[in-house]
Structure formats: structure tokens, C-alpha cells
Number of protein chains: 2
Amino acid sequence: MASRNKKDICEILCINQKKVNAVRKVMQTDGVIKKLAETFKVLGDPTRTQILYALAQDELCVCDLACLLKKTQSAVSHQLRVLRNLDLVKYRKDGKIAYYSLNDIHIRNLFAEGLEHVKNP
Amino acid sequence: MASRNKKDICEILCINQKKVNAVRKVMQTDGVIKKLAETFKVLGDPTRTQILYALAQDELCVCDLACLLKKTQSAVSHQLRVLRNLDLVKYRKDGKIAYYSLNDIHIRNLFAEGLEHVKNP
DNA sequence: TTAATATATGAACAGATATTCATACGAGGA
DNA sequence: TCCTCGTATGAATATCTGTTCATATATTAA
């Protein structure tokens, strides 16, 4: 263990340097990877998954969603903010009521692919 | 606030009961939603995203991945276990070396859709 | 104005999680 | 056998995150 540095991050020797170099060339940039992971992460919470799936069917207000998902209004509202911040949903105000709807054309495709994965083992 | 129960989860009144009922009919079961969210969640960590993206290009061993991602061998190995447990990757042993590769046909499509979302605002 | 209702939001808390460190295991090589 | 190297893994830790509670804001009705 003596030869290894405290942090063997940079010291790690590749077994197949050529392959690694080739793969490195086609890797996405850190920025893209970060955004990609961010996108998947948002979809990776059951509450948000359900909200988005519901909104993929119809425009709904906050209390409708809360009723549908059997969650508190607060919990739903907090998650809607997350989705709003990422521009995945939009909303229109009708008096006191806020009607939310999908604002991303890729969400449905992602769900379709995801369901394919879940249902076809 | 007097009329509301402590937990207003079940008490919440839907504004558009009909819509909610219609959407409820086409909602996925809790089990499917849970698995769906689980799948997205696994893809929702930058380290795992990179590992999967790299393995989508070529078969690589643990230290190659560590070298490529500039992470410790331990960190990579822990994440590989997560991916293994979900059958997203498989590996073959060649002596001491463990070569990992993709084991899920949907991953590439999910990445494609995800990248579409990231790159087309 | 006052009351009620729909929504938003900050603070606090509990539970999850990614990384690090240390170490164990297993396969060759000396 | 002993040593080295590639990998796996448990424990500890710091950070992140989803929910709850309390409250604020805003709109409508009385």
C-alpha cells in the first residue's frame, strides 16, 4: 500500500488505456452529464413521477393532484415548485386556482421508455 | 382551519372530481410507479450516469472506469454494485479483472431521450 | 372589511445516500 | 508460501432530500 497515494484518484492506472481513451473521446461533457443526471433525478421520486404522469393525461390543479395522490397540499406544492424550476411543468391561474400542465415534450417519451424497461424484464 | 383535519390528506376536496376520476383510471399502479421512479433514480446520479454511458460504448473494468471518471476504485465499485443489483450491468471475470458491460437494452434509448431533453431546450 | 379558500413557502426533522477509509477476498506471480 | 494487485464491502460521515407544520399571500364571497 506504500506506493499508492492517499487519494488514488489520479494515480489509478488503466488496464486498457487505449479503450479508455477511445471511450473518453465520445463521453459527454461534465455539464451535459450533470444536466442529464439532474433530469433523471427529478423523475426519480415517486411523488414527482405520479404528478408528471397525471399531468401527462390532463391539466390539474394543486388540490386535484393532492386528492389524486393522497398527499398533503403542501407536499404536492413543494414538488410542483421543483418541477416548475426545471420548466417541466407550467401553470395558469384561474382565480385562486392554479392549473398545472406539462411543459416538456420529452417527458412522455421518457415515461414510455421507462415503462418499457419496467414492464419487459 | 377548524374544519380541516390534522392530516388533510383524505379530506382534501377535489375541484374537478370528474377529471380526477378519469385520470385515476389511467394512472399506473403504485407498484409500477415505484419501479419507474426507482429506474430513473438510478440514472439520476452523475457517477452512475457516467458509468452507464461509458459502458454503453464499450466493456470496461473497474479501474478503467475509475481512471476514466477520476473517481476512487471504491466509489466506482460501490456504484457498480447498485447497478448490478438492478441488473443494469453484468460482468465477467478475467483473472483478477472484472469486465463490466451493459445488461439492459433500454438504457441506450433512455439516454437518447434524456439527451434530447437536455440539448433541445 | 372580514372570512374563507387555494396556493406558496420557510424552517425543522427524519431518512436516504454518495463518498471515503480501512480492510478482506481471491487470483497470479515470485 | 508470501507478496502484489484488482476488486468488493462494511462502517462512518457529511450532505442531500421529501415531508410536515406553521404561516404568509392572494383572490373571492359575504
Side-chain angles (χ1 to χ4, degrees), chain A residues 1-16 20 33-34 37-38 40-51 60-67 69-86 89-100, chain B residues 1-16 20 34 37-38 40-51 60-67 69-86 89 91-100:
Chain A
M1 202 212 293
S3 64
R4 285 293 178 84
N5 201 311
K6 205 186 316 177
K7 301 199 172 257
D8 46 355
I9 291 180
C10 297
E11 325 294 321
I12 275 189
L13 49 149
C14 297
I15 302 249
N16 307 49
V20 172
I33 289 285
K34 198 180 160 194
E38 227 168 47
F40 286 128
K41 188 181 217 168
V42 182
L43 300 174
D45 172 71
T47 302
R48 288 191 295 263
T49 311
Q50 286 190 95
I51 290 176
L60 292 167
C61 72
V62 180
C63 64
D64 284 345
L65 283 167
C67 167
L69 310 189
K70 303 193 199 312
K71 296 260 174 183
T72 63
Q73 172 268 322
S74 184
V76 171
S77 194
H78 275 296
Q79 296 305 340
L80 281 170
R81 178 168 50 163
V82 175
L83 299 174
R84 235 167 40 219
N85 288 342
L86 285 154
V89 302
K90 63 177 185 287
Y91 72 104
R92 66 180 176 88
K93 273 279 201 129
D94 181 13
K96 325 176 235 191
I97 305 176
Y99 283 102
Y100 280 81
Chain B
M1 203 210 293
S3 65
R4 286 293 178 82
N5 200 312
K6 203 185 319 175
K7 300 199 173 255
D8 46 357
I9 290 180
C10 298
E11 324 293 321
I12 274 189
L13 51 148
C14 297
I15 303 249
N16 307 50
V20 171
K34 198 180 161 194
E38 226 168 48
F40 286 128
K41 189 180 217 168
V42 182
L43 300 174
D45 171 73
T47 301
R48 288 191 295 262
T49 310
Q50 286 190 95
I51 289 176
L60 292 167
C61 71
V62 180
C63 65
D64 283 345
L65 283 167
C67 167
L69 310 189
K70 302 194 199 313
K71 295 260 172 183
T72 63
Q73 172 269 321
S74 184
V76 171
S77 194
H78 275 296
Q79 296 304 339
L80 281 170
R81 177 167 52 162
V82 174
L83 299 174
R84 236 166 40 218
N85 288 342
L86 284 154
V89 302
Y91 72 103
R92 67 180 175 87
K93 274 281 199 125
D94 182 13
K96 328 176 231 190
I97 305 178
Y99 282 102
Y100 281 81

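By convention in this document, chain letters (A, B, ...) are assigned in the order of the sequence lines, proteins followed by strands, and residues within each chain are numbered from 1. In this text, all values refer to a predicted model and were calculated from it rather than measured experimentally.
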**Student:** Within the structure, does a side-chain N or O atom of R81(A) lie under 4.0 Å from either OP1 or OP2 of dT19(D)?
**Tutor:** no
**Student:** Roughly how many Å is it from CG in L80(A) to C1' in dA8(C), rounded to a whole number?
**Tutor:** 10 Å
**Student:** Is the gap between the SG atoms of C14(B) and C67(A) under 2.5 Å?
**Tutor:** yes
**Student:** I want to check one thing: is the phosphate of dT17(C), taken as OP1 and OP2, less than 4.0 Å away from some side-chain N or O of K41(B)?
**Tutor:** yes
**Student:** In whole Å, what is the span from the CG atom of L43(B) to the P atom of dT17(C)?
**Tutor:** 14 Å
**Student:** Taking CG from L65(B) and P from dA8(D), how many angstroms apart are they, rounded to a whole number?
**Tutor:** 11 Å
**Student:** With a non-hydrogen cut-off below 4.0 angstrom, is A98(A) in contact with a base, only sugar-phosphate, or nothing?
**Tutor:** sugar-phosphate
**Student:** Output the rounded distance in Å from NZ (K96(B)) to C1' (dG26(C)).
**Tutor:** 10 Å
**Student:** Atom SG in C61(A), atom NZ in K96(A): separation rounded to 0.5 Å?
**Tutor:** 12.0 Å
**Student:** Could you pick out which residue, I15(A) or V82(A), lies toward the 5' side of DNA chain D when each is mapped onto its nearest nucleotide?
**Tutor:** I15(A)
**Student:** Just N and O in the side chain of R48(B): are any of them under 4.0 Å from OP1 or OP2 of dT19(C)?
**Tutor:** no
**Student:** Taking D64(B) for the side chain and V20(A) for the main chain, is one N or O donor matched with an acceptor at less than 3.5 Å?
**Tutor:** no
**Student:** Only one of K71(B), Q50(B), R81(B) forms a side-chain contact (heavy atoms from CB on, under 4.5 Å) with V76(B), so which one is it?
**Tutor:** K71(B)
**Student:** For Y99(A), answer base if it contacts any base atom (sugar-phosphate contacts may also be present), sugar-phosphate if it contacts only those atoms, and nothing otherwise; contact means non-hydrogen atoms under 4.0 Å.
**Tutor:** nothing
**Student:** Please answer whether dT19(C) and H78(B) are stacked, defined here as ring centres separated by less than 5.5 Å and planes angled under 30°.
**Tutor:** no
**Student:** Take D45(A) and V62(B), find for each the nucleotide of DNA chain D with the closest heavy atom, and name the residue whose nucleotide sits nearer the 5' end.
**Tutor:** V62(B)
**Student:** When you check the phosphate oxygens OP1 and OP2 of dT19(D), does a side-chain N or O of S74(A) lie under 4.0 Å from one of them?
**Tutor:** no
**Student:** It should be established whether K93(A) places a side-chain nitrogen or oxygen under 4.0 Å from OP1 or OP2 of nucleotide dT7(C).
**Tutor:** no
**Student:** Tell me the interatomic distance from L83(B), atom CG, to dT17(C), atom P, rounded to whole angstroms.
**Tutor:** 14 Å
**Student:** Measure from CD1 on I97(B) to P on dT4(D) and round the result to the nearest Å.
**Tutor:** 18 Å
**Student:** How long is the line joining CD of Q73(B) and P of dA24(C), in whole Å?
**Tutor:** 15 Å
**Student:** Given atom OH of Y91(B) and atom P of dG26(C), what is their separation to the nearest angstrom?
**Tutor:** 12 Å
**Student:** Working to the nearest 0.5 angstrom, can you tell me the gap between K41(A) NZ and L43(B) CG?
**Tutor:** 12.5 Å
**Student:** S77(B) side chain N/O closer than 4.0 Å to the phosphate oxygens (OP1, OP2) of dT7(D)?
**Tutor:** no
